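Just so you know, these numbers use all the heavy atoms, side chains as well, and skip hydrogens, waters and symmetry mates. We're numbering straight along the sequence, starting at 1. For clarity, every value in this text was computed on a predicted model and none was experimentally measured.
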Amino acid sequence: MLLKCVVYENGRRITEIPASDIHSYVCRPGCFVWVAMRDRDIALLEEMREQFDLHPLAVEDAQQGHQRPKLEEYGGSLFAVLHMIEIDAAGELSVGEVDIFAGPNYVLSVRSGVSKGFDDVRARCEAEPEQLSHGSCYVLYALMDAVVDRYFPVLDRLEDELEEIEKRIFIVNGEPRANIQALYGLKQRLMTMKHAVAPMLEAVAGLTGGRVPAMVAELREYFRDIADHLQRLNQIIESNRDTVASATSVNLSMIAMQENETMKRLTAYAALVAIPTLIAGIYGMNFTEMP
C-alpha cells in the first residue's frame, strides 16, 4: 500500500505526486523522491523497481520479508533491513520489519507488521531543511535512527520486569517456580532484542570505518552516532542476560533451600513420633506376661 510519495528539492518539500510521475523528478538535479509504503505489495514493489532502477535481489528480499537485519550496497545505492520491535496489548514483543532502499535521488521505505509509522520522522526532516539538503542519505539516517531509538523504551520495559521478578525471589512463601517461568520468558524476549540489535550494529559499523559508500560519506558522524546507540543497547542487553542467569541460579537455590527446610521438618516430625510408635509397637504384641 502506497502511503506517501513526496518530492524534495534542496532540502525543502515541493509537492506530493502519484507514483506514476516519479520518473519525471528523479532525473532533476537537487531533487529526490521519498516514498513510504506499508505492507508488502509485490506489484507496487515491481513498479518501484522500474521507477528507481532497484536491484532485483534487494527487491526480492523486500518481497519475501523475514530477513536478518543487514545493510547492503548495490552500486551507488543502499538496501537496509531493520527489525521493528513493539509491545502489544498482551505485553509480548511484536517483531515487524522495515526495508529501506536509498539512492542518490530516492528513498523508499517499506514497513510490514508495524503499527507505528514514520510520520514523525518525515516531520523532523522537513523541519530541518539544512540537514535535509544532504538528500536521501539524511533520510536514511533519520529512519534508522528512529528505529534504533524505539528500542530503548522496549528495553526499559524489560528491565522493569526483571526488577519486579528479582523482588519476588526473596519473598517469604513466594512462588519460585513461577519466577523461573517468568525469567525464562524474559530471557527469550531479550534474545529477540539481541537478534535485532547485534546484526545491525555490525552493519552500521561498516558505514563508519575506513571505506564507506559514497552517498553517506558526508554523514559518517551521524551513522557513528547510530552505532554508539546500538553499542549501548547491546551492552544493556548483555548485562540483563547476565542478570537473568544470576537470578535463575539464585531462584533455583531458593527452591533447593525450601526443599531442605521441608525435609528437616519431616525428619523432626518423624523423630517425635518414633518413641510413641515404639512403645505402641511393643505393647501391641501378644506377650504371655506383659512387661
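Counting heavy atoms from C-beta on, the side chains of Val216 and Tyr222 never come closer than 4.5 Å. Phe152 has its side chain within reach of Arg232: a pair of non-hydrogen atoms, C-beta onward, lies under 4.5 Å apart. Leu71 places none of its side-chain heavy atoms less than 4.5 Å from the side chain of Phe223. Under the 4.5 Å side-chain criterion, counting only non-hydrogen atoms from C-beta, Asp99 is not in contact with Met37. Looking at Leu143 and Val107, their side chains come closer than 4.5 Å, going by heavy atoms from C-beta outward. Within the 4.5 Å cutoff, side-chain heavy atoms of Arg189 are placed close to those of Glu92. Residues Asp61 and Glu72 are in side-chain contact: their nearest non-hydrogen atoms beyond the backbone lie under 4.5 Å apart. Under the 4.5 Å side-chain criterion, counting only non-hydrogen atoms from C-beta, Phe79 is in contact with Lys70.
When hydrophobic clusters are built by joining Ile, Leu, Val, Met, Phe, Trp and Tyr residues whose side-chain heavy atoms come closer than 4.5 Å, directly or via intermediates, Ile100 is grouped together with Leu132. Cluster annotation: Ile87 and Ile236 are assigned to the same hydrophobic cluster (Ile/Leu/Val/Met/Phe/Trp/Tyr, side-chain heavy-atom contacts under 4.5 Å, transitive). Using a 4.5 Å cut-off between side-chain heavy atoms of Ile, Leu, Val, Met, Phe, Trp and Tyr, with links allowed through other members, Met144 and Met215 fall into the same hydrophobic cluster. In the hydrophobic clustering of this structure, Trp34 groups with Leu82; members are Ile, Leu, Val, Met, Phe, Trp, Tyr whose side-chain heavy atoms approach within less than 4.5 Å, directly or through other members. Residues Val148 and Val197 share a single hydrophobic cluster, defined by chaining ILVMFWY side chains whose heavy atoms lie under 4.5 Å apart.
Other residues, nucleotides and ligands contribute over 12 non-hydrogen atoms within 6.0 Å of the NZ atom of Lys194. Counting non-hydrogen atoms of other residues, nucleotides and ligands closer than 6.0 Å to CZ of Arg157 gives a total of 12 or fewer. Residue-environment remark: CD (Glu218) stays at or below the threshold of 12 foreign heavy atoms within 6.0 Å. Annotation: Gln64, atom CD; neighbour count of heavy atoms from other residues, nucleotides and ligands within 6.0 Å is above 12. The environment of OH in Tyr184 is sparse: at most 12 heavy-atom neighbours from other residues, nucleotides or ligands sit within 6.0 Å. More than 12 non-hydrogen atoms from other residues, nucleotides or ligands lie less than 6.0 angstrom from CD of Gln231.
Considering all non-hydrogen atoms of both residues, Arg122 and Ala36 come closest at NH2-CB, 3.8 Å. Closest approach of Ser136 and Asn105 over heavy atoms only: OG-N, 4.4 Å. Across every non-hydrogen atom of Gly96 and Val114, the tightest pair is CA-CG2, 3.8 Å. Pairing each heavy atom of Pro69 with each of Pro199, the nearest pair is O-CB, 3.5 Å. Between Asp41 and Met1 the shortest heavy-atom distance is CB-N, 3.8 Å. Shortest non-hydrogen contact noted between Cys5 and Pro18 is SG-O, 4.4 Å.
Between the side chain of Gln51 and the backbone N or O of His23 there is at least one donor-acceptor pair closer than 3.5 Å. The backbone N or O of Gln235 sits nowhere less than 3.5 Å from a side-chain atom of Ser239 that would complete a donor-acceptor pair. Within the 3.5 Å criterion, the main-chain N or O of Cys31 finds no donor-acceptor partner in the side chain of Arg28. In this structure, Gln67 contributes its side chain and Gly65 its backbone to a donor-acceptor pair below 3.5 Å. Counting only distance, with no hydrogens or angles, the side chain of Arg40 and the backbone of Ala62 share a donor-acceptor pair below 3.5 Å. Of the possible donor and acceptor atoms, none in the side chain of Ser249 sits under 3.5 Å from a partner among the backbone N and O of Ala245.
Rounded to the nearest 0.5 angstrom, His229 NE2 and Tyr151 OH are separated by 14.0 Å. Glu166 contributes atom CD, which lies 10.0 Å from atom CD of Glu164 (distance to the nearest 0.5 angstrom). Atom OG1 of Thr15 sits about 10.5 Å away from atom OH of Tyr8, to the nearest 0.5 Å. Between Cys125 atom SG and Tyr138 atom OH the span is 5.5 Å, to the nearest 0.5 Å. For the atom pair CG of Leu93 and NE2 of His83, the computed distance is 13.0 Å after rounding to the nearest 0.5 Å. Rounding to the nearest 0.5 Å places CG of Leu54 at 6.5 Å from CG of Leu108.
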Starting from the C-alpha separation in whole Å, work towards a yes-or-no answer on side-chain contact (heavy atoms from CB on, under 4.5 Å) for Met48 and Val110.
CA-CA 11 Å; Met48 294 297 107; Val110 185; over 6 Å; no
side-chain contact (heavy atoms from CB on, under 4.5 Å), that's the test. Do Leu158 and Asn240 meet it? Break it down for me.
CA-CA 9 Å; Leu158 296 182; Asn240 287 336; 5.7 Å; no
Tell me, with the steps shown, if Val81 and Arg68 meet side-chain contact (heavy atoms from CB on, under 4.5 Å).
CA-CA 7 Å; Val81 177; Arg68 184 175 181 266; over 6 Å; no
Please walk me through it: do Ser133 and Asn10 pass side-chain contact (heavy atoms from CB on, under 4.5 Å)?
CA-CA 5 Å; Ser133 63; Asn10 297 323; 5.7 Å; no
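Checked against the 6.0 Å centroid threshold, Tyr106 and Phe32 do not count as a close aromatic pair.
Under 4.0 Å is where a charged nitrogen must lie from a carboxylate oxygen, and between Lys116 and Glu86 no such pair does. Salt bridge status for Arg241 with Glu238: present, with a side-chain N to carboxylate O gap under 4.0 Å.
The one candidate from Val244, Thr248, Leu183, Asp160 that meets the side chain to side chain contact (heavy atoms under 4.5 Å, CB included) condition with Ile165 is Leu183. The one candidate from Asp156, Asp145, Asp120 that meets the salt bridge (Lys or Arg N to Asp or Glu O under 4.0 Å) condition with Arg150 is Asp120. Here the options are Leu155, Leu201, Val154, Asp228, the test is side chain to side chain contact (heavy atoms under 4.5 Å, CB included), and the partner is Leu233; only Leu155 passes.
Using a 3.5 Å distance cut-off with no hydrogens or angles, the side chains of Gln131 and Tyr141 do not pair a donor with an acceptor.
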